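The residues of the chain are indexed from 1 along the displayed sequence. This is a predicted model, so every value here is computed, not measured. Atoms within each ligand, like the ligands themselves, are counted from 1 in listed order.
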Amino acid sequence: MSRSGRRHQVGLAPRLLLALLIVLATAAVTAWVVGALVGPRLFHQHMVEAGLDDNDAAVLHAEEAFRSATSTAATLAFAAAALASAGVSVVLARRIAASLGAVSTAAAALGAGTYGVRVPSSGLGAEFDQLAGSFNAMADRLEDAQRLRERLLADLAHEVRTPIATIAGYLEAVEDGVRPMDDTTVAVLRDQADRLTRLSHDLSAVTHAEAGDVVLDLELAPPEQLVQAAVQAAAERAADAGVELRAHVDPGVPAVSVDRHRMAQVLDNLVTNALRHTPPGGSVSVLAGRQGGAVTFTVSDTGDGIAAEHLPHVFERFYRADVARDRDSGGSGIGLAISKALTEAHGGTILASSPGPGRGADFVVRLPAAS
Ligand SMILES: Nc1ncnc2c1ncn2[C@@H]1O[C@H](COP(=O)(O)OP(=O)(O)OP(=O)(O)O)[C@@H](O)[C@H]1O
Ligand SMILES: [Mg+2]
């Protein structure tokens, strides 16, 4: 074992005691020098100045008494201080060791995968409380990340299960001669394969966007153009769905600095959702306006609406308010997570609101106006 390795093994109590003993030894040497060399001379001088004879027996006796009192007092003081130092070192060392021990035990548990472990406050002062606080904050984040990972994997497994089961079932039926490899079979197989392909693209997009590694090709864009592009892209789908699609841009809305493709993707996700959740006869509006130093893009619909308990979650990956219906309609619950990550990559925010089920929903993207 190296020298430094050995040195690390010396406990806290002996180190503290050694430090206190050095202080004590310094005090003792100083007291001895003063008591043995300086004190008697000063005492003798005072006796002589008081008019007593140098060799007077009373003077000699008084000087002897001074020396003896000084050394007894110094010895007693040193012994008491040494005892107190030992006591203080043991108590302090135990408390510090208990507190550090709690952190190192918790760190070991965390390393072994027990994410619920936390360190209590030691009461040893601000530095130790800060250490415990930082450790607990780190444990919180690790626990959140772990929970998210578990949920993501479970969701992912769930998402791929249905298309894979369908593909496997159809192939088996074809092999057994129960089903012909006709246009209908091919269409089902293609549809399920497309669903898996879309899922993998969406997952890759959201992972990149959330990790912050999307490269934005920023350019100045008038909101008018972005709104018109979004409406044109969805016009045919809206007509097929029997939903009226409107566009409106407030006068004087400033330009925004955006990656046009990414912003088109954000608005298209919102318009696609709105169309999917608006029954025939309803309407979907895409609006642009100004709010202080920001430009807002609002996609409103008169459709299904979103219940208050679902609103805070709709931007989470794989979240669907009406799981069965939303899945049947082909959604995997990633669109809004992508939209949120892309909006934030532009320095913006995205919010959802709804007066309640059956009363429509509003999604507002807020971007800083280009200066
Ligand atoms: N305009 C809307 N009206 C009502 N509910 C909505 C609306 N937009 C989104 N939602 C709800 O929020 C959920 C999440 O939306 P998101 O776009 O992330 O997923 P999706 O549309 O189901 O699937 P994907 O976009 O991945 O194809 C939807 O499943 C739906 O329940
Ligand atoms: Mg969607």
Side-chain angles (χ1 to χ4, degrees), residues 148 151-152 154-163 191-210 227 230-231 233-234 237-238 241-247 262-287 296-345 349-365:
L148 204 71
R151 220 192 68 207
L152 184 69
D155 286 339
L156 197 56
H158 191 89
E159 280 317 306
V160 295
R161 200 173 299 139
T162 314
D191 191 45
Q192 297 304 316
D194 284 350
R195 189 166 162 182
L196 286 171
T197 310
R198 202 174 54 233
L199 180 68
S200 85
H201 283 164
D202 283 356
L203 264 180
S204 150
V206 77
T207 308
H208 283 302
E210 285 183 355
V227 169
V231 167
R237 282 176 284 151
V243 173
E244 187 189 352
L245 188 57
R246 303 185 194 137
R262 312 282 191 188
M263 253 319 124
Q265 192 182 353
V266 171
L267 293 178
D268 187 57
N269 283 348
L270 297 181
V271 174
T272 303
N273 281 351
L275 289 175
R276 191 181 276 167
H277 291 278
T278 304
S283 69
V284 170
S285 317
V286 186
L287 318 163
T296 56
F297 294 89
T298 307
V299 178
S300 302
D301 65 68
T302 57
D304 301 342
I306 303 170
E309 75 259 30
H310 295 303
L311 270 178
H313 302 290
V314 290
F315 294 103
E316 293 170 12
R317 279 182 275 192
F318 294 115
Y319 193 87
R320 283 170 293 210
D322 182 345
V323 178
R325 237 187 87 191
D326 290 332
R327 188 180 299 131
D328 285 349
S329 63
S332 45
I334 305 181
L336 286 179
I338 297 177
S339 298
K340 179 170 192 266
L342 287 179
T343 304
E344 287 174 355
T349 56
I350 182 167
L351 285 175
S353 62
S354 169
R359 299 169 62 195
D362 288 345
F363 285 81
V364 182
V365 173

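Under the 30°/60° scheme for interplanar angles, the aromatic rings of Tyr319 and His310 are found to be tilted.
Qualifying side-chain hydrogen bond (donor to acceptor under 3.5 Å, both in side chains) partners for Asp202, counting only residues two or more places apart in sequence or in other chains: none. Judged as a ring-ring contact (aromatic ring centres under 6.0 Å, His included), and not counting sequence neighbours, His201 has no contacts. The side-chain hydrogen bond (donor to acceptor under 3.5 Å, both in side chains) check on His208 picks up Asp213, with sequence neighbours excluded.
At under 3.5 Å, a nitrogen or oxygen of Asn273, whether backbone or side chain, sits near a nitrogen or oxygen of ligand 1. At a 3.5 angstrom cut-off on N or O pairs, Ala321 counts as close to ligand 1. Among the atoms of Gly333, some N or O lies under 3.5 angstrom from an N or O of ligand 1. Not a single N or O atom of Ala361, backbone or side chain, sits closer than 3.5 Å to an N or O atom of ligand 1. At a 3.5 angstrom cut-off on N or O pairs, Ser332 counts as close to ligand 1.
At a 4.0 Å cut-off, at least one heavy atom of Phe363 sits close enough to ligand 1 to count as contact. Within the 4.0 Å heavy-atom shell around ligand 1 one does not find Asn269. Not a single heavy atom of Gly303 sits under 4.0 Å from any atom of ligand 1. No heavy atom of Gly360 sits closer than 4.0 Å to any atom of ligand 1.
Taking both residues in full, the closest heavy atoms of Ser283 and Thr278 are given as N-CG2, 3.9 Å, listed atom of the first, atom of the second, then distance. Here the closest non-hydrogen pair linking Ile306 and Ser354 is N-OG, 2.9 Å.
Within ligand 1, counting atoms from 1 as listed, the ones closer than 4.0 Å to a heavy atom of Gly305 are 4 (C). Residue contact check: Ala274 has heavy atoms under 4.0 Å from atoms 1 (N) of ligand 1.
In this comparison of His310, Arg195, His277, Arg198, the heavy atom closest to atom 2 (C) of ligand 1 sits on His277.
Contact check for Val227 versus Phe297: side-chain heavy atoms found under the 4.5 Å cut-off. Asn269 is not listed as a side-chain neighbour of Leu336, based on a closest heavy-atom distance of 4.5 Å or more. The shortest side-chain heavy-atom distance between Ser339 and Gln265 does not fall under the 4.5 Å cut-off. The side-chain heavy atoms of Leu203 and Phe318, taken from C-beta on, include a pair separated by under 4.5 Å.
Contact annotation: for Tyr319 versus ligand 1, heavy atoms closer than 4.0 Å belong to the backbone alone. With a 4.0 Å cut-off on non-hydrogen atoms, Thr272 does not touch ligand 1 at all. Contact annotation for Ile306 and ligand 1: only side-chain heavy atoms (C-beta onward) come within less than 4.0 Å of the ligand.
Taking OG1 of Thr207 as the reference point, atom CD1 of Ile334 lies at 8.5 Å (rounded to 0.5 Å).
With salt bridges taken as basic N to acidic carboxylate O contacts below 4.0 Å, none links Glu159 and Arg198. Salt bridge annotation for Arg237-Asp268: present, with a cationic side-chain nitrogen under 4.0 angstrom from a carboxylate oxygen.
Below the 2.8 Å limit, the Mg ion (ligand 2) has as protein N, O or S neighbours Asn273 OD1.
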